[in-house]
Structures are given as C-alpha cells and as structure tokens.
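Following: one structure in structure tokens, then a few remarks.
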Amino acid sequence: MPILDEKLGDIYDEVLRRNPGEDEFHQAVREVLDSLGPVVAKHPEYGDAAVIRRLCEPERQIIFRVPWVDDAGNVRINRGFRVEFNSALGPYKGGLRFHPSVYLGIVKFLGFEQIFKNSLTGMPIGGGKGGSDFDPKGRSDGEVMRFCQAFMTELYRHIGEHTDVPAGDIGVGGREIGYLFGQYKRITNRYESGVLTGKGLTWGGSQVRTEATGYGTVFFVEEMLKARGDSFDGKRVVVSGSGNVAIYAAEKVRQLGGTVIACSDSNGYVVDEKGIDLDLLKDIKEKRRARVSTYVEARTDARYVEGGSVWDVACDVALPCATQNELNGRDAATLVKNGCAIVAEGANMPCTPDAVRLFADAGVLFAPGKAANAGGVATSALEMQQNASRDSWSFDHTERRLADIMHGIHDRCLESAELYGKPGNYLAGANIAGFIQVADAMLALGVI
Ligand code: GLU
C-alpha cells in the first residue's frame, strides 16, 4: 500500500479503530484517502474544519428487524439497513441491495462511495445506501412482495423526497421498487413519486433508468477512447456479471461497434466469439431469472465454463459489472498479459487494491466505479427532476442528458487529475473532484 501522509494516516487509523471488522468500508475509505494528499496540502482549511473526519462518519445509521412469512408459513427474520452518509449536496441518494452478503460494512462502503459518485454527477444529491441480507434467489413473487412490504414498514419513517431517496442495487430492480413504493404509498397515504427512483414507466419512472448504469459506463469508456483518438470499433470487450449493469453495458458496446464476447454469473462464464446474443441473455436473466449456463443450450457454438474467472478471456476492454472485489491481482495480471488497455468499473469497487495497482504499473487506463458507473444515479436524479415537475421525457432526450453527464464527469476527472499533479489518472481525478465539491459545501454549511 502507498504510504499516507501523517494527517491522512491518523484519520485512517481512527476509521479502522472506530469501525472494526468492516473491511470493505476500510478499503473504500483508503482508496479515497490515497488520492487526497495533494488536496490537503493545498487546502489547509479542510483539515482545520475536520472535513475528512466528518465525512468518514455517517450522519445517521439505521438498523432494523424485517420479519416476514414465507410461502410455507414460516416466520423469517432479516436485518435491514439504511446508512444516511452525507447530505451536504442534497437529500441522501443511493440504492438498496438485497443479498445474503449484506452487513453494515458493505452498506457503509457503498454509502461512502456514493457521496463522491453523486458529487461527480454535478446533480444536487447527497450520499446514502441501504439493503438487507435477504436473498431473493429462488423466492416467489409473493415472498419478495411480503419481504419488501415488511422492509418498507420500517424504512418509510426515514425517507422522503427531500430527505432520503432510495433506489435499486444488486437484488433490487423494478419488481422490488414497485412493492416498496406500493407499501410506502399505503402507509403514508401520499403518492410521493420522488421518494424512490427506478420506478416503472407507467407510475413515475424515467426512460433510460434501467439502461443507465451500463450505458453510462460505456459512454465513459467512449470518452476515454476518444481522448486517445480511438473508438469502440472492432474492440473485444469482456463484461462480468449478467445483471442490469452488464446487459446494458453490452448493449451499448454493440451499438458503438464493439463486440462483447463474454459475460458471467457467480457460477461461471460464457464465451461467445460471435458476440453475446443480448435478446437471449435478456430472456434468461430478465424473464426467466435463470443462470447464464443455460445460454449454451440455445447457442451451441458458445462455450460455458463452470467456475474459473471470466478475466481469463483475452480482451481490449474489461468492464467488471458484477460485485465488489471480483477482479483480483491474479486476474489483473492475466488481463495485462493479454493486452487489455482499458478497465472501467460498472460495479461498485469490483477491482481489489492489488489489481488497481497492477493496472497503474502496467499503464492500463483505469476508470473507478464512482466515475464510470455514475450514470445510474445520475439518471435517478433526472427521474427526480421529472417527478418534481410532473413531467416525463422521451428516451432520446433522457439518453442525451445521460451522455452529456458522463462526458462532463470524464472531463472533470481529467481536469482535477491534471490540476493536482496526476495527469491522466482517472482514479485520483475522480476522488479529488468528487471530494472537493462536497468538502466546499460542508465548509459553507458550518460544523453540523
Ligand atoms: N445503486 C446504484 C449505484 O450504485 C444507483 C443508486 C441510485 O440510483 O440512487 O449508484
């Protein structure tokens, strides 16, 4: 690990001491602190007002019991979380994750990242995150509905269009947002569209929200390529995961002239040299909620590899779109050896610190999630704008707004990197640009 300067080192030690056992949260904090040396040197006012120390402590953390009844009549208990991390720029904003791995450390890492991501979008949104250790895999629609209703029965008192606006993340898509919104409406007797984003198109949702994270990641990479006089034309791309982010990243790569040759799920990966058939993948994942292994039943010249790492497949561009720490140092070494030139994180923190260091040493361009995957939350902010004005925009208009936002984030990363002596370093640029905007707002708002 690089050595932190003394003040940042003290802050990091305090984070470790105050948040024992929350490894992912430590990792996310460390990644930001590693970039802030030149910023604190230039701006002693941030240190004087303890801005970074305040940023590392969530404004509010809510942990609650979620009791529900399964189809067999058994009472089940899950744990629900909402971490309202920072509201200097706007109401807390960030998704809900339903996955068995969810615990406080995961929610805090995601919430912490969200602060800087949301700041980078240039939209008026603070950072928060929530979720539950509930596993939707294999659960019936009725069970998912009852779980969502139980979850919202506590969450509703903490959220609101001017307070905290949840959305989806892993395990939470249109179906879950529907059940959550329905229960919020029932409890509060208010049709408050702006309380959740990722809603369906017939009840206050925005065009492009489903596609936005994946599309946005690819728009960001397009800017990285353009900055080097290059394009997606003829590029071999590997995407990990096969959820929302992966599917729509693949769709946009195809539209821009690249070929996505592989994708994965937690059991294994599929390689289709002719290009992943997206209609088939959507049918498997969105309609049938099945595994990617079934892909090869319909496409017989594709191959399925059980276990193993999708990063063994040689590519020009790698888009990790599955989950945190899915791409490690070994995977990074393989990608470098195979000539991969660009890695952009569609998921949140999918690359381990080892992997990120290896990319830097090998001159691989690396776009961190808080910049590259910010299109999802940015489009959520567009959904909030439409809800506030009781308007609804066309697909084309919304997609153009998304492309402009990603272009803006790309340029802001490069400008900040340059200004603080790290030219071309997207990781440093994203952390610095995201931080400065929040830090300045915190200074202006006083010690609160
Ligand atoms: N969960 C997404 C993210 O990681 C989207 C959050 C939102 O739309 O509020 O940014």
Side-chain angles (χ1 to χ4, degrees), residues 24 28 81-87 89-99 102 106-132 155 159-161 163-174 176-177 180-181 193-200 204-217 220 241 243-246 248-249 320-324 326 344-350 367-387 398 401-402 405-406 409 430 434:
E24 297 84 359
F81 301 89
R82 187 73 183 166
V83 173
E84 298 179 333
F85 226 117
N86 192 290
S87 59
L89 296 177
Y92 309 105
K93 182 82 197 87
L96 298 169
R97 176 176 293 191
F98 292 169
H99 191 271
V102 167
I106 297 246
V107 181
K108 279 165 71 178
F109 118 64
L110 291 164
F112 186 75
E113 289 243 316
Q114 201 82 42
I115 304 170
F116 306 99
K117 182 195 304 193
N118 294 4
S119 163
L120 271 173
T121 65
M123 325 280 290
I125 41 179
K129 205 86 186 191
S132 174
L155 187 69
I159 63 176
E161 64 176 318
T163 307
D164 183 356
V165 183
D169 194 83
I170 293 171
V172 178
E176 290 75 16
I177 293 294
L180 290 164
F181 185 69
S193 302
V195 71
L196 289 171
T197 60
K199 299 181 293 297
S206 174
Q207 295 284 355
V208 195
R209 180 61 193 88
T210 308
E211 297 84 352
T213 311
Y215 277 20
T217 301
F220 193 94
N244 206 36
V245 183
Y248 292 99
C321 297
T323 194
Q324 68 274 353
E326 53 154 309
E345 295 185 323
N348 292 313
M349 208 169 72
K370 55 173 83 68
N373 74 35
V377 75
T379 307
S380 279
L382 299 180
E383 183 172 332
M384 291 163 73
Q385 275 186 31
Q386 292 168 79
N387 293 153
T398 316
R401 294 279 305 261
L402 169 63
I405 291 167
M406 297 315 295
I409 296 173

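Atoms within a ligand are numbered from 1 in the order they appear, just like the ligands themselves. Every value quoted in this text rests on a predicted model; they were computed, and no experiment measured them. The figures that follow rest on heavy atoms only: side chains count, while hydrogens, waters and symmetry mates do not.
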Should [X] be listed as contacting ligand 1, given a heavy-atom distance under 4.0 Å as the test?
X	result
Pro166	no
Glu113	no
Lys129	yes

Residue selection (non-hydrogen contact nearest atom 3 (C) of ligand 1) among Lys93, Lys117, Arg209: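 Checking each option, the heavy atom nearest atom 3 (C) of ligand 1 is found in Lys117.
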Report the distance from atom [atom1] of [X] to atom [atom2] of [Y], rounding to the nearest 0.5 Å.
X	Y	atom1	atom2	answer
Arg97	Lys129	CZ	NZ	6.5 Å
Glu326	Met349	CD	CE	11.5 Å
Leu120	Ile115	CG	CD1	12.0 Å
Glu176	Leu196	CD	CG	12.0 Å

Which of the numbered atoms in ligand 1 are under 4.0 angstrom from any heavy atom belonging to [X]?
X	value
Asn348	4 (O)
Ala167	7 (C), 8 (O), 9 (O)
Ser380	7 (C), 8 (O), 9 (O)

Lys108 vs Phe112 side-chain heavy atoms within contact, under 4.5 Å: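 Sidechains of Phe112 and Lys108: no contact.
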Test of proximity, Val165 against ligand 1: N or O pairs below 3.5 Å: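 Between Val165 and ligand 1, no N or O pair is found under 3.5 Å apart.
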Nitrogen or oxygen atoms of Gln114 and ligand 1 under 3.5 Å apart: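 There is such a contact, yes.
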Atom 6 (C) of ligand 1: nearest protein contact (heavy atom, Å):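 So the nearest neighbour among protein heavy atoms is Gly95 N, 3.5 Å.
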Test side chain to side chain donor-acceptor pair (under 3.5 Å) applied to Asn348 and Gln324, Gln114, Lys370, Lys117, the passing residue: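 Running side chain to side chain donor-acceptor pair (under 3.5 Å) over Gln324, Gln114, Lys370, Lys117 with Asn348 returns exactly one hit, Lys117.
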From CA spacing to verdict: side-chain contact (heavy atoms from CB on, under 4.5 Å), Met123, Lys93: CA-CA 11 Å; Met123 325 280 290; Lys93 182 82 197 87; over 6 Å; no
